[in-house]
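Data block below; observations after.
Whatever order the structure lists them in is the order used to number ligands and atoms, beginning at 1.
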Amino acid sequence: MRDKKVGFVAMTAEDKAADNIPKIGIGMIGQAFMGKAHSNAWKKMPYIFWPPAAIPELVTICGVNEEALKESARRYGYKRYSTNWKDLINDDEIGIIDNGTPNYLHAEPSIEAAKAGKHIICEKPLARDAKEAKEMRDAVKKAGVKNICCFNYRVVPAVVLAKNLIMDEKLGKIFHFRARYLQEWITDPEFPIMWRLKKELCGSGALGDLGSHIIDLGRFLCGEIKSVMATTATFIKERYNVQTKTKEKVDVDDAIASVVEFENGAIGTIEASRFCPGRKNYNTIEINAENGSIWWDLENMNNLWVFWRGEEPIETQGFHCINVTESYHPYYDKWWPHGHIIGWENTFVHIVYNMIEAVMKNKPLEPYIATFEDGYRNNVICDAIAESSETGKKVLCKFN
Ligand SMILES: NC(=O)c1ccc[n+]([C@@H]2O[C@H](COP(=O)([O-])OP(=O)(O)OC[C@H]3O[C@@H](n4cnc5c(N)ncnc54)[C@H](O)[C@@H]3O)[C@@H](O)[C@H]2O)c1
């Protein structure tokens, strides 16, 4: 028996006897890196955030390889699997579509899911360009469904603490935002071509992959970006295709560096590259403001470094490291005793927790969670960075 609302399972007598927590069906598109990370989050969320507003029920996982899918369904605990994402859209048992596919497959399933009245989490970058992202933003707005663009670094407790310090005006006027997101994995010229290196499939290279994350952190913490001036580079212009056994053109950026201006007068720098030997997943941000500075890096994600101007005594003034694991810190009351740190995968637990809260209690996701509106604006900024690199000119970010 089903409720009238799509994807909600009516309570069985057994549920009622248990504790009256409803269930909501999840359809996961993508079964690889993000499919695994998101499935883990759906499973773990009620375990940590007990009692949840609804218990996610893993209904169907979708991908391209049937054998691997069968294995994933068994491993992660989905009732069904499918090689056709439309099966998930047409399934009344599914209330939330979670899209962890390559960038070229973000738009169509998200738009169709919105039309079917399903809530949506879509991986970043929201789309390959701002035009495609706008169609997605408009579709969820029209359908009135809850929507998240999975900029998961917003929900790291230390980053939320930084956000709260800024919102509480503890830092005062912001002067600088400085961000770098660096990885090393395509430095080797023998690394083969893949969807992340073909514009038609991904939209852009390091820009949309890594740059979009730090653009989001800049917007989240410092406000809207007004203009950009950037350079991009493609260091290795051809790569081997293991299937066709031929060389193919790399038509996306390998690295970007951009100066950005914020609407509030702050200026910033954004650098993203996948050509940084030794850098594994080095995502770091620094903010300098009237009353002090803060910095954070993902590889030590539980720590927030803070410097307060004028702190007494002057002899011990300096950056302090706050281990953001106290029960009074964001999200941490649900986790472990202080000092028992959490890891990267749990950012997705926070993302799905927020989605369930929003759906079940009709809570707004803004300003702490990135929505499709944020995803669209992020794509506008990415496009402006690409345009600036091409023209050599400063480009204004125009949102509509
Ligand atoms: N938020 C983050 O920290 C983060 C990290 C990594 C990747 N991502 C984003 O997640 C998305 C996926 O990245 P990934 O690394 O998991 O990619 P991946 O290549 O590892 O996996 C892509 C998955 O999509 C599935 N897929 C491809 N075509 C399909 C189709 N037509 N129908 C159904 N399924 C299809 C594949 O079977 C595969 O399971 C990208 O947009 C990427 O930018 C986000």
Find all atoms of ligand 1 within a distance of less than 4.0 Å from any non-hydrogen atom belonging to Gly30, and give their numbers and elements.
23 (C), 24 (O), 25 (C), 39 (O)

Is it possible for you to check whether Lys163 lies under 6.0 Å from the centre of the six-membered ring of Phe220, through NZ or CZ, and within 45° of that ring's axis?
yes

Partner residues of Lys142 under the side chain to side chain donor-acceptor pair (under 3.5 Å) criterion, sequence neighbours left out:
none

If we number the atoms of ligand 1 from 1 as shown, the ones under 4.0 Å from a heavy atom of Val64 are 28 (N), 29 (C), 30 (C), 35 (C), 37 (O)

If we number the atoms of ligand 1 from 1 as shown, the ones under 4.0 Å from a heavy atom of Ala32 are 18 (P), 20 (O), 21 (O), 38 (C), 39 (O)

Just go through Glu345, Arg196, His38, Met34 and tell me whose heavy atom is the nearest to atom 15 (O) of ligand 1.
Arg196

Quick one: which residue pairs count as a side-chain hydrogen bond (donor to acceptor under 3.5 Å, both in side chains) with a foot in residues 308-317, not counting sequence neighbours?
Glu311-His320

Using a strict 4.0 Å cut-off to heavy atoms of Cys62, name the atoms of ligand 1 that fall inside it.
33 (C)

Option set Leu105, Asn84, Asn99, criterion heavy-atom distance to atom 32 (N) of ligand 1, minimum:
Leu105

Does Lys36 reach ligand 1, in the sense of a heavy atom lying below 4.0 Å from it?
no

Evaluate Trp344 for polar contact with ligand 1, using N/O atom pairs at a separation under 3.5 Å.
no

contact_flag Pro102 ligand 1 heavy-atom lt 4.0 Å:
yes

Any heavy atom of Trp195 sitting closer than 4.0 Å to ligand 1?
yes

Decide whether the shortest distance between a heavy atom of His106 and an atom of ligand 1 is less than 4.0 Å.
yes

Measure up the His38 and Phe348 rings against each other and bin them: parallel (under 30°), tilted (30 to 60°), perpendicular (over 60°).
tilted

Shortest non-hydrogen contact from Val242 toward Pro192
CG1-CB, 4.2 Å

Measuring centre to centre across the rings, with the benzene-like ring taken for any Trp, is Phe49 within less than 6.0 Å of His350?
yes

